[in-house]
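Contents: one structure, followed by commentary.
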There are 2 protein chains.
Amino acid sequence: MPQVRPMRADARRNYERLLKVAAEAFAEHGENASLDDIAKRAGVGSGTLYRHFPTRQALLEAAYVDRIEALGTRADELAEELPPYEALMEWLNELCVATIQVRGLKSLLGSAVTDGGSVAMTACGTSVKGAATRLVGAAQAQGALRADLEPIEVLRLAHGVATASELANGQGREIRRYLTLLTEGLRPER
Amino acid sequence: MPQVRPMRADARRNYERLLKVAAEAFAEHGENASLDDIAKRAGVGSGTLYRHFPTRQALLEAAYVDRIEALGTRADELAEELPPYEALMEWLNELCVATIQVRGLKSLLGSAVTDGGSVAMTACGTSVKGAATRLVGAAQAQGALRADLEPIEVLRLAHGVATASELANGQGREIRRYLTLLTEGLRPER
DNA sequence: ACCTGAACACCGTTCAAGT
DNA sequence: ACCTGAACACCGTTCAAGT
């Protein structure tokens with residue numbers, strides 16, 4: 001294993017300032033926040049930003065790893081507190097809320113469940129996919145969920161629910177309803 | 001009613017060239033195709049483009065009215081050919097296919113079902129919403145669909161299904177499956 | 001080794017001048 | 001009345017020069 005040589009002090013300082021400012025900028029202006037602006041607000045040249053984060057995706061990912069990994073650990077909490085099916089539903093709900101309310105997170109979570117999305121998603125993708133696999137598996141083992149569902153399909157459909165709720169209104173007021181419609185189906189109760 | 005005074009010959013020619021070129025450009029480069037490029041390819045100054053289409057939305061809308069109104073009339077065809085529930089499902093399927101495959105259509109259909117989306121959607125929004133209202137109403141009258149569903153909710157959820165399918169793969173291979181999952185629900189068959 | 005910031009390319013939008 | 005295209009503002013990206 002090649003040692004990860006430590007960053008020079010000024011490099012590390014810049015790296016951290018960039019991350020902090022980027023998180024703020026994405027929160028304020030969405031995922032298309034101006035990169036030049038981020039560099040300026042962090043007090044570094046634009047070249048420095050590109051040195052640390054070659055693509056917008058890379059910066060977005062770095063700015064939100066924590067948020068995304070929190071979703072992973074949250075899954076385990078819920079799995080302990082609630083029965084499998086309820087745990088899954090509550091987690092999907094929180095996932096959708098984050099998708100809509102944390103600006104900049106949506107495209108990231110989207111590309112994490114995109115097929116053929118190349119290498120891009122590493123840390124952040126696996127965290128969410130791992131959580132989904134555990135929760136979906138547990139619910140299926142109880143017979144509370146269709147056995148033919150792949151975890152990634154559930155994630156994609158949840159992303160769809162988040163999108164639908166976003167159309168309904170900027171906040172996530174419709175998430176619960178649309179999730180219920182998805183799980184219960186659009187056909188009438190029998 | 002104020003007469004719509006006819007366009008000057010050169011204005012009309014430019015208008016039509018712009019629409020034709022715009023449709024091609026959106027198809028080729030997606031909804032973010034360069035406006036400057038469209039003007040150049042149409043052989044007009046960029047100011048002319050802005051005179052006819054003050055916003056990108058306006059141009060997108062004008063370029064796709066036909067496509068969208070075809071979806072409306074298609075609904076009526078299906079209503080004649082098939083029983084209500086099947087007609088709705090087939091229409092939603094075709095709607096999702098168009099959403100994914102016709103580049104540039106997605107944002108337009110999205111904003112047509114967005115709450116608080118201001119005035120933007122006129123012709124194209126009403127066409128789709130009218131179709132949905134007829135098909136959903138007929139299916140509900142037969143007891144084949146939950147009675148508490150609003151047509152616009154069905155459209156939003158269909159948009160969500162299209163989004164989910166898009167994540168699964170660029171084409172629409174998963175649309176049927178995801179639509180079925182939505183209508184039947186994620187819970188196991190009983 | 002890392003940073004800076006000027007330079008370049010590109011795009012959207014406006015508007016004075018032209019017909 | 002309508003068109004043209006230069007001009008402006010803004011952004012992403014690269015890279016030579018600097019420490």
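Proteins get letters first, then strands, A, B, ... in listed order; numbering begins at 1 in each. All values below come from the heavy atoms of this structure, side chains included, with hydrogens, waters and symmetry mates left out.
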Result block: side-chain N/O donor-acceptor pairs under 3.5 angstrom for residues 96-105 of chain B, not counting sequence neighbours:
unit_1, atom_1, unit_2, atom_2, d
B:T99, OG1, B:L95, O, 2.7
B:R103, NH1, B:E28, O, 3.3

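Residues satisfying the side chain to side chain donor-acceptor pair (under 3.5 Å) criterion with B:K20, sequence neighbours excluded, are absent altogether. Applying the salt bridge (charged side-chain N to carboxylate O under 4.0 Å, His left out) criterion to B:E94, with sequence neighbours excluded, gives B:R74. Not counting sequence neighbours, B:E174 has no partner by the side chain to side chain donor-acceptor pair (under 3.5 Å) test. Residues meeting the ring pair (Phe, Tyr, Trp, His ring centres under 6.0 Å) test with A:H29, sequence neighbours left out: none. B:Y85 pairs by the ring pair (Phe, Tyr, Trp, His ring centres under 6.0 Å) definition with nothing, not counting sequence neighbours. By the side chain to side chain donor-acceptor pair (under 3.5 Å) test, A:Q142 is found to be paired with no residue, residues two or more places apart in sequence or in another chain being considered. With sequence neighbours left out, B:Y50 forms a side-chain contact (heavy atoms from CB on, under 4.5 Å) with B:L35.
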Under 4.0 Å protein heavy-atom contact, by nucleotide of nucleotides 12-18 of chain D - B base, S sugar-phosphate only: SBBB---
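Atom P of nucleotide C:dT4 and atom CZ of A:R8 are separated by 10 Å, given to the nearest angstrom. With rounding to whole Å, B:K40 atom NZ is found 18 Å from D:dC3 atom P. The interatomic distance linking A:D10 (CG) with C:dC2 (C1') rounds to 6 Å, in whole Å. D:dA1 atom P lies 9 Å from atom CZ of B:R51, rounded to whole Å. Residue A:L18 contributes atom CG, which lies 14 Å from atom P of C:dC2 at whole-angstrom precision. We find that CZ of B:R12 is positioned 15 Å from C1' of D:dA1, with the value rounded to whole Å. The separation between A:E16 atom CD and C:dC3 atom C1' is 17 Å, rounded to whole Å. The distance between atom CG of B:L49 and atom C1' of D:dC2, rounded to the nearest whole Å, is 14 Å.
A donor atom on one side chain and an acceptor atom on the other are found under 3.5 Å apart for A:S107 and A:E31.
Proximity of residues 19-28 of chain B to DNA chain C (heavy atom under 4.0 angstrom from any strand atom) is not detected for any residue.
At the phosphate of D:dC3, OP1 or OP2 sits under 4.0 Å from a side-chain N or O atom of B:H52. Of the side-chain N and O atoms in A:N14, none sit less than 4.0 angstrom from OP1 or OP2 of C:dC2.
Going from atom CG of A:L60 over to atom CZ of A:F53 covers 10.5 Å, rounded to the nearest 0.5 Å.
Listed by first then second residue, pairs satisfying salt bridge (Lys or Arg N to Asp or Glu O under 4.0 Å) with a partner in residues 155-170 of chain A read A:K106-A:E166, A:D115-A:R156, not counting sequence neighbours.
Consecutive Watson-Crick or G-U pairing (both distances under 3.5 Å) extending over three or more pairs maps onto DNA chain C as C:4-8 with D:12-16, C:12-16 with D:4-8.
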